[in-house]
Amino acid sequence: MTIDFRALAPEGVQALMPYQPGKPIEELARELNLDPASIVKLASNENPLGPSELALAAARDALADLCRYPDGNGFSLKQKLSQRLSVKPEQITLGNGSNDVLELVVRGFAGPGAEVIYSRYAFAVYPLATLAAGATCVEVADRDWGHDLDAMAAAVTERTRLIFVANPNNPTGTVHGAEALQRFLDQVPERVLVVLDEAYCEYLSADDGFPDGVALLARYPNLIVTRTFSKAWGLAALRVGYSISSPVIADILNRVRQPFNVDSIALAAATAVLDDEAYLEQARKVNSAGLQQLQTGFDALGLPYIPSAGNFVAVEVGEQAAAIYQQLLAKGVIVRPVAGYGMTRHLRVSVGLPAENQRFLDALAEVLAEGAGH
Ligand SMILES: *Cc1c(COP(=O)(O)O)cnc(C)c1O
């Protein structure tokens, strides 16, 4: 008899399903023998503008020091962020993408026996990180595709250590206003940590009544706000994210962090891009116009969608969603199936440039006209 090595892994690890990323352009090009330049990828909520010139220049400069370890404390980036956000550098924890920070939080605070609460249809990394740490997943039913914050607060038990709230949420694009969020935070006992995942916050405006998690930190010491350079800041390939929390919480995260979890090129580019306010402004403009374009297109096709506050939208194409996804691939258009989230009738589409959005809408119209599933 040979040994079943799977059985040697902790139970949580055995139970977890690997994260399914959007299909890479190169992979589809290989499979269908297509020119990569002809493929439109609207599958990973990437910034369609391409990287900021300031970030690119800084990344190139950083190449000269490839033989050196990065600054494990990320001094310059933390300085810049702390000024921008009016927090102390000791409140910031940098990560290899905010994904890394989400894992640090679970590893730092929730081991076996601890319960971690998150919503149905929330970001896939929450259960993954929870299971990997040996903690217990508590999934709370959604309300109209969004988080049911009252039900999440009511799910707190003696064993609850952490609650994940994505605002806006991915893959649904749902968002909570400042008032609803504060009501929720008021209900959660202080001994329970709340991770407010603000990966898409740069697309929101406080003028529209959306909360700024960082401003809530003074009032809620159990709050951990996470943000990223992957989305609106356009640096997904470099993997830089961060959290803002009390220094005590940051100290715990720092203990479970790899000493060099963010590389020098990423640090340099992220530090530089914070000066590119024009890039961010452009990203916001392109995104709101693109969301409008997609939603108008769905209306014309008679397809329902979940109104989104992010840089993507979940459109309801019906029970043939998997087949429609495949037929879009055959036309060189990559979107994101979300059946893994239990959303079997939807596809998630990231906002692209106007021509990319149009290419997708045209391809979708053709697929629907051809009759999906053949
Ligand atoms: C994209 C995303 C992240 C993290 O992305 P990183 O590239 O790891 O920073 C975190 N949370 C949500 C909800 C996301 O959609």
Side-chain angles (χ1 to χ4, degrees), residues 21-22 25 39-56 84 97-98 123 145-146 166-178 196-213 226-238 240-241 269-270 273-301 303 305-315 333-336 338 346-364:
I25 289 176
I39 294 173
V40 170
K41 183 186 177 204
L42 302 174
S44 300
N45 301 346
E46 294 152 343
N47 192 321
L49 293 177
S52 138
E53 287 299 330
L54 279 187
L56 265 183
R84 187 181 175 91
S98 58
F123 190 42
W145 303 106
N167 205 48
N169 181 46
N170 170 22
T172 59
T174 49
V175 67
H176 292 284
L196 183 61
D197 182 343
E198 295 190 329
Y200 301 95
C201 67
E202 292 85 2
Y203 295 110
L204 302 177
S205 149
D207 302 339
D208 298 327
F210 291 115
D212 169 9
T226 62
R227 295 185 175 176
T228 182
F229 286 92
S230 298
K231 309 285 163 56
W233 290 111
L235 297 177
L238 290 179
V240 206
V273 83
L274 288 173
D275 287 329
D276 204 344
E277 214 51 64
Y279 178 84
L280 191 63
E281 200 40 54
Q282 181 69 4
R284 288 197 188 103
K285 270 198 197 133
V286 166
N287 191 61
S288 57
L291 264 182
Q292 195 56 53
Q293 183 186 2
L294 288 174
Q295 297 181 355
T296 304
F298 297 146
D299 286 338
L301 291 168
L303 298 173
Y305 54 85
I306 306 171
S308 173
N311 64 348
F312 57 89
V313 53
V315 58
V333 176
I334 311 174
V335 297
R336 188 69 157 268
V338 281
H346 288 78
L347 293 172
R348 194 196 67 190
V349 189
S350 306
V351 174
L353 297 173
E356 296 175 317
N357 300 329
Q358 198 53 53
R359 169 97 183 273
F360 156 71
L361 287 169
D362 291 347
L364 181 60

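In this text the structure is predicted, and so the values were computed from the model without any measurement.
- Lys231 approaches Tyr203 most closely through the heavy-atom pair C-OH, 3.8 Å.
- Under a 3.5 Å cut-off, the side chain of Asn167 and the backbone N or O of Glu198 do not form any donor-acceptor pair.
- Using a cutoff of 4.0 Å between basic side-chain nitrogens and carboxylate oxygens, Arg359 and Glu356 are not scored as salt-bridged.
- Rounding to the nearest 0.5 Å places CG of Leu364 at 6.5 Å from CZ of Phe298.
- For the atom pair Leu361 CG and Asn357 CG, the distance stands at 6.5 Å (nearest 0.5 Å).
- Atoms OH and CG, from Tyr305 and Leu294 in turn, are 10.0 Å apart once rounded to the nearest 0.5 Å.
- No side-chain donor-acceptor contact under 3.5 Å links Gln295 and Asp299.
- At distances below 3.5 Å, at least one donor-acceptor pair connects side-chain atoms of Asn287 with backbone N or O atoms of Gly310.
- Looking at Gln293 and Pro354, their side chains come closer than 4.5 Å, going by heavy atoms from C-beta outward.
- Here the CG atom belonging to Leu274 is positioned 4.0 Å from the CZ atom belonging to Phe229, to the nearest 0.5 angstrom.
- Scanning both residues, Gly173 and Pro168, for their nearest heavy atoms gives O-CB, 4.2 Å.
- Distance check, rounded to the nearest 0.5 Å: CG of Leu353 to CG of Asn47 gives 8.5 Å.
- With contacts defined as side-chain heavy-atom distances shorter than 4.5 Å, the pair Arg227/Cys201 qualifies.
- Between Ser52 and the choices Leu56, Leu49, Leu54, the side chain to side chain contact (heavy atoms under 4.5 Å, CB included) rule is met once, by Leu54.
- Val351 approaches Leu42 most closely through the heavy-atom pair C-CD2, 4.3 Å.
- At least one donor-acceptor pair closer than 3.5 Å links the side chain of Asn311 to the backbone N or O of Asn45.
- For the residue pair Pro171 and Val338, the shortest heavy atom distance occurs at CB-CG1, 3.9 Å.
- Judged purely by distance below 3.5 Å, without hydrogens or angles, the side chains of Arg348 and Asn170 pair a donor atom with an acceptor atom.
- Atoms CG and CZ, on Leu347 and Phe360 in that order, are 7.0 Å from each other to the nearest 0.5 Å.
- Residues His176 and Pro211 have side chains not in contact (no heavy-atom distance under 4.5 Å, counting atoms from C-beta outward).
- Listed here is the closest heavy atom pair of Tyr279 and Trp233: CE2-O, 3.5 Å.
- For Ala232 against Ala283, the heavy-atom pair with the smallest separation is O-CB, 3.8 Å.
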